[in-house]
Amino acid sequence: MAMLFCRSAALLLKSTRTAPVALSAARKYTTGGSTYDYIVVEKRGEKQNVGFIQLNRPKALNALCDGLMLEVGKALDAFEADKDIGAIVITGSDKAFAAGADIKEMQNRTFQECYGGNFLAHWNRVSVSKKPVIAAVNGFALGGGCELAMMCDIIYAGEKAQFGQPEILLGTIPGAGGTQRLTRAVGKSLAMEMVLTGDRINAQEAKQSGLVSKVCPVDQLVPEAIKCGEKIAANSKLISAMAKESVNAAYELTLAEGNRLEKRLFHSTFATEDRKEGMTAFVEKRKADFQDK
């Protein structure tokens, strides 16, 4: 379960002056008629083809309250429906991607409420997006913040990022994929150590363990993530969705079943205009003009 390990993080912040956040959490943002209180939603990239979601609860270290996660889902729905968007970037602030879930919201919940209401079920919205999602992680990605990052398809980390699942220190366990995705990403031993001790790993350790694919200077993290998004968005959105489905299936299927699915999806690309355009452009030595068909 995404847990806010905020007490120690808050103490760290008290000891250092932080740069003022460029956009106030109280300000409302609109995209396509939707209003947001907890996130900033924009289009980025030279062709405005990268969806951008910034978690914006700076005073709470971007703690993942229910309202914030519902807004993230709403923004993802809007970007999924937008034919111009080919990839999505989710980020936080320089100090915290997200320090966890909002403990005050869940402190007094009962088992009956959690089980009967399927608590945190809607948090998985990020993981079922058909369009590729890139997490740009600066600062703390603890508990739910780490789980949110792992729901994304690609994780870029700033060089001062920290990842952890400290729920054990609060008398509970991860509940939004922490025990499952972390184990698949870094292996049983490291995942078990992180979950059982609450210890964190830094960006370099996360890179070495396979949790993240790239480590960047703090001020270059978001531009690099946007650049990656632009590269993805330049390809056929239809084929990108197939490629994403095939890679994700590797976590769920046996090797034989996975290879069978890959072959079927590969064969399916031959029913698309973009496959024909891509191969024709290659033979004619020109840039492909994909139409997402």
Side-chain angles (χ1 to χ4, degrees), residues 32 41 43-53 72-91 121-136 147-156 177 180-181 183-185 210-214 224-293:
V41 180
K43 289 185 178 182
R44 294 284 188 93
E46 186 177 334
K47 296 183 178 180
Q48 297 287 284
N49 55 2
V50 179
F52 181 78
I53 300 173
V72 168
K74 183 192 295 185
L76 287 172
D77 288 342
F79 285 142
E80 292 262 51
D82 190 331
K83 294 182 179 180
D84 293 331
I85 297 297
I88 301 162
V89 171
I90 299 179
T91 192
H122 64 284
W123 284 36
N124 285 327
R125 175 63 184 85
V126 176
S127 66
V128 297
S129 168
K130 280 200 168 185
K131 294 183 178 180
V133 183
I134 304 163
E147 290 172 311
L148 176 60
M150 291 190 293
M151 290 179 199
C152 300
D153 301 301
I154 298 169
I155 305 177
Y156 278 13
Q180 302 304 300
R181 292 191 178 94
T183 303
R184 286 166 169 77
L211 181 61
V212 308
S213 58
K214 191 171 187 177
E224 286 296 318
I226 297 296
K227 187 184 299 183
C228 178
E230 288 182 293
K231 287 182 180 179
I232 294 171
N235 298 318
S236 164
K237 300 176 184 63
L238 180 62
I239 304 302
S240 290
M242 290 183 181
K244 173 175 174 173
E245 180 183 353
S246 189
V247 173
N248 281 336
Y251 284 100
E252 309 290 342
L253 305 176
T254 66
L255 179 59
E257 292 169 333
N259 279 331
R260 190 154 43 243
L261 174 65
E262 180 187 79
K263 284 291 188 297
R264 288 173 180 169
L265 289 170
F266 168 65
H267 294 158
S268 296
T269 67
F270 283 77
T272 69
E273 295 179 17
D274 284 342
R275 192 283 313 169
K276 184 175 181 179
E277 165 63 14
M279 291 188 175
T280 301
F282 178 82
V283 172
E284 296 178 354
K285 297 181 180 180
R286 60 175 175 80
K287 186 176 180 180
D289 181 19
F290 296 120
Q291 299 297 316
D292 306 321
K293 297 179 181 179

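Throughout, residue positions are numbered sequentially from 1 according to the sequence presented.
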Worksheet item: About how many Å separate OG of S240 and CD of E245, when rounded to the nearest 0.5 Å?
Response: 13.0 Å
Item to complete: State the NZ-CD1 distance between K47 and I85, to the nearest 0.5 angstrom.
Response: 13.0 Å
Fill in: Residues which pass side-chain contact (heavy atoms from CB on, under 4.5 Å) with E284, listed by chain and number, not counting sequence neighbours
T280, R286
Worksheet item: Any ion pair linking K227 and E224 (charged N to carboxylate O, less than 4.0 Å)?
Response: yes
Worksheet item: With side chains defined as the heavy atoms from C-beta onward, is the minimum distance between V89 and I226 less than 4.5 Å?
Response: yes
Fill in: With sequence neighbours excluded, residues passing side-chain contact (heavy atoms from CB on, under 4.5 Å) with S213
I154, Y156
Item to complete: Over all heavy atoms of both residues, which pair between G45 and E230 is shortest? Give the atoms and the distance, please.
Response: CA-OE2, 3.2 Å
Worksheet entry | Pairing residues for S129 by the side-chain contact (heavy atoms from CB on, under 4.5 Å) criterion, not counting sequence neighbours | E80, I88, R125, K131, V133, K244
Worksheet entry | Nearest non-hydrogen partners of G229 and V50, listed with the distance | C-CG2, 3.6 Å
Discussion item. According to ring pair (Phe, Tyr, Trp, His ring centres under 6.0 Å), does anything in residues 267-293 pair up with another residue at least two apart or in another chain? List the pairs.
Written reply: F266-F270
Expected list for residues 256-264: side-chain donor-acceptor pairs under 3.5 angstrom, two or more places apart:
residue	atom	partner	partner atom	Å
E257	OE1	T254	N	3.2
E257	OE1	T254	OG1	3.2
N259	ND2	L255	O	3.3

Worksheet item: Under the 6.0 Å and 45° cation-pi test, does R44 pair with F52?
Response: yes
Fill in: Minimum heavy-atom distance P132-G86, with the two atoms named
CD-O, 3.6 Å
Practice prompt. Decide yes or no for R181 and M151: does some side-chain heavy atom of the first lie under 4.5 Å from some side-chain heavy atom of the second?
Written response: yes
Worksheet item: Between D82 and K43, does at least one N-O distance fall below 4.0 Å, as a salt bridge requires?
Response: yes
Discussion item. Holding to side-chain contact (heavy atoms from CB on, under 4.5 Å), I want the full list of residues that pass it with Q291, two or more places apart in sequence or in another chain.
Written reply: D274, D289, K293
Worksheet item: Any idea which heavy atoms bring K237 and D292 closest together, and the distance?
Response: N-OD1, 2.8 Å
